Asker: 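Mind looking over this structure? Questions follow.
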There are 2 protein chains.
Amino acid sequence: MTTDKKNTKEKILEAAGEVFAQKGYAGATVREICDLAGANVASVNYYYGGKEGLYKDLCHHLFAEVFDQFPVTKDFPEGTGPEERLAFFVEGMLNRLLEHVQEGGLPKKSQLLARELAAPTKVMDSLVETFVRPTAGQALDLIRRILGPNVPEKEAAKCLLSMVGQCVYYSLARPIFSRLELLDLNQPGIVQELAEHITRFSLGGMAAVRREAEGDTVSGAGGGREGMA
Amino acid sequence: MTTDKKNTKEKILEAAGEVFAQKGYAGATVREICDLAGANVASVNYYYGGKEGLYKDLCHHLFAEVFDQFPVTKDFPEGTGPEERLAFFVEGMLNRLLEHVQEGGLPKKSQLLARELAAPTKVMDSLVETFVRPTAGQALDLIRRILGPNVPEKEAAKCLLSMVGQCVYYSLARPIFSRLELLDLNQPGIVQELAEHITRFSLGGMAAVRREAEGDTVSGAGGGREGMA
DNA sequence: AAAAATTTAAAACAAACGTTTAAAGCTGTC
DNA sequence: GACAGCTTTAAACGTTTGTTTTAAATTTTT
């Protein structure tokens with residue numbers, strides 16, 4: 001009963017993570033996955049019904065894992081302000097995207113996410129509904145509270161995208177800024193450092209959006225909501 | 001001498017743009033490209049030395065086109081502040097990434113960029129050196145001027161990534177937020193609207209970073225540098 | 001221990017891949 | 001018109017792809 005050696009099914013899933021992340025869906029081959037798993041070529045069809053089924057199972061497995069591991073909300077004390085909650089959200093989000101940096105593994109989830117963004121498969125639909133939509137809703141609530149009642153809904157959505165965009169970009173654009181030598185993601189504590197930056201940057205950005213919505217005229221006296229974090 | 005009908009070579013490049021963007025490098029087939037171009041299967045090898053050569057030529061061709069079409073700097077009047085220059089930069093950058101939205105074509109460049117990010121090929125190196133590095137340098141200069149002398153270089157780099165990250169995200173993450181119905185990129189004037197948002201958001205974010213670097217103590221009196229856009 | 005169900009294994013499948021080949025078509029110059 | 005130099009064509013090349021098949025091995029149940 002699987003005491004020492006793992007299931008063939010699990011070994012295939014693990015190997016698929018490596019190969020799909022590295023080669024993409026089209027680029028990966030069933031043979032390479034099975035070789036890496038030490039299993040026969042026919043195993044993929046036997047356990048997952050084919051290459052496509054394996055890919056879908058893998059995606060859901062990986063995302064469920066990392067979403068479980070890093071929450072973006074928690075039970076704060078009653079009076080906790082939205083700024084502090086946002087900081088926690090950003091750090092959780094960034095951890096989900098950059099988990100591999102600290103754990104020292106291959107960036108499987110980020111790679112698969114990047115590939116799904118570049119070429120959405122059928123998996124994208126279920127991923128968005130299962131994982132992204134709830135998270136986005138939580139973030140939008142926070143953002144609305146920070147922006148106040150005078151900022152239109154559309155502006156709040158743009159702020160959400162601006163904030164999430166930063167998080168995702170640090171994960172996605174690594175091939176670019178590693179070549180530019182702008183930032184070394186491999187130094188210790190980098191994820192928390194980035195989380196702090198993104199939180200500060202985004203709070204500043206949202207303060208500017210709020211000032212704009214509430215009219216520039218009263219900007220002299222501090223706008224009413226920064227400097228109190 | 002190519003009066004009406006185009007060169008076979010050019011027709012192949014055009015068809016390659018469609019197919020590579022839609023299917024990716026591994027997913028695209030030489031046969032499909034040639035069929036779409038109305039050319040023989042052997043043409044790709046004849047003109048471009050193979051699938052790989054065609055892909056490289058295509059990438060450079062497309063990026064050169066869009067970088068030419070949308071500059072991110074221009075000759076401003078002498079006294080123009082960095083904020084206004086940044087607004088121009090952001091709009092140019094966003095136009096490069098979302099050009100297809102206004103022109104109503106397929107997002108070939110964005111797709112290819114997304115795919116290169118997800119799985120960098122040899123092309124990524126030359127793309128970064130030819131197109132990205134100069135642009136990043138220009139942006140970093142602007143950002144340094146906005147942040148002032150007290151902000152460390154590393155913080156400036158993070159601000160650059162935060163700003164560029166927003167621009168890229170609006171282009172890259174379309175498969176996600178179109179499913180979330182957060183933002184409709186197809187409405188007229190959306191690119192300029194987003195450019196204004198990103199500029200405002202980023203200036204606010206950088207103001208916050210600057211305040212942090214110059215010490216939070218003097219934050220009460222407005223920080224000294226926003227509200228004058 | 002025998003029987004049944006599950007899992008692994010090797011081999012073969014047709015289809016599709018990028019590329020090559022060799023011949024035919026074309027265009028311009030002498 | 002004949003020759004040379006590009007260009008285009010159809011066919012075939014050897015690989016590699018995902019999947020299927022058939023049988024042996026293993027595990028579970030009786």
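This is a predicted model, so every value here is computed, not measured. Order of the sequence lines sets the chain letters (A, B, ...), proteins ahead of strands, with each chain counted from 1.
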Asker: For residues A/R96 and A/P71, report the shortest heavy-atom separation together with the two atoms involved.
Answerer: NH2-CA, 4.0 Å

Asker: Measure from OH on B/Y46 to C1' on C/dG18 and round the result to the nearest Å.
Answerer: 19 Å

Asker: Provide, to the nearest angstrom, the distance between the OH atom belonging to A/Y47 and the C1' atom belonging to D/dT19.
Answerer: 17 Å

Asker: Name the closest nucleotide to the B/A42 side chain, picking from C/dT19, D/dG18, C/dT21.
Answerer: C/dT21

Asker: Using a cut-off of strictly less than 4.0 Å, decide whether B/T8 has a side-chain nitrogen or oxygen near OP1 or OP2 of D/dT8.
Answerer: yes

Asker: Tell me the interatomic distance from A/L54, atom CG, to D/dT19, atom P, rounded to whole angstroms.
Answerer: 10 Å

Asker: Could you check whether the rings of A/H60 and A/F131 sit parallel, tilted or perpendicular, using 30° and 60° as the cut-offs?
Answerer: tilted

Asker: Could you tell me how far apart A/K9 (NZ) and C/dT7 (P) are, to the nearest whole angstrom?
Answerer: 9 Å

Asker: Taking the six-membered ring for Trp, are A/Y25 and A/F20 parallel (under 30°), tilted (30 to 60°) or perpendicular (over 60°)?
Answerer: parallel

Asker: How close or far is atom C1' of D/dT20 from atom CZ of A/R31, stated in whole angstroms?
Answerer: 12 Å

Asker: D/dT7 C1' sits how many Å from B/N45 CG, rounded?
Answerer: 14 Å

Asker: Looking only at side-chain atoms of A/N40, point me to the closest of D/dC6, C/dA10, D/dT19.
Answerer: C/dA10

Asker: Assign A/A26 to base, sugar-phosphate, or nothing according to its heavy-atom contacts below 4.0 angstrom with the strands shown.
Answerer: nothing

Asker: Measure the acute angle between the ring planes of B/F201 and A/F201, then classify it against the limits of 30° and 60° as parallel, tilted or perpendicular.
Answerer: tilted

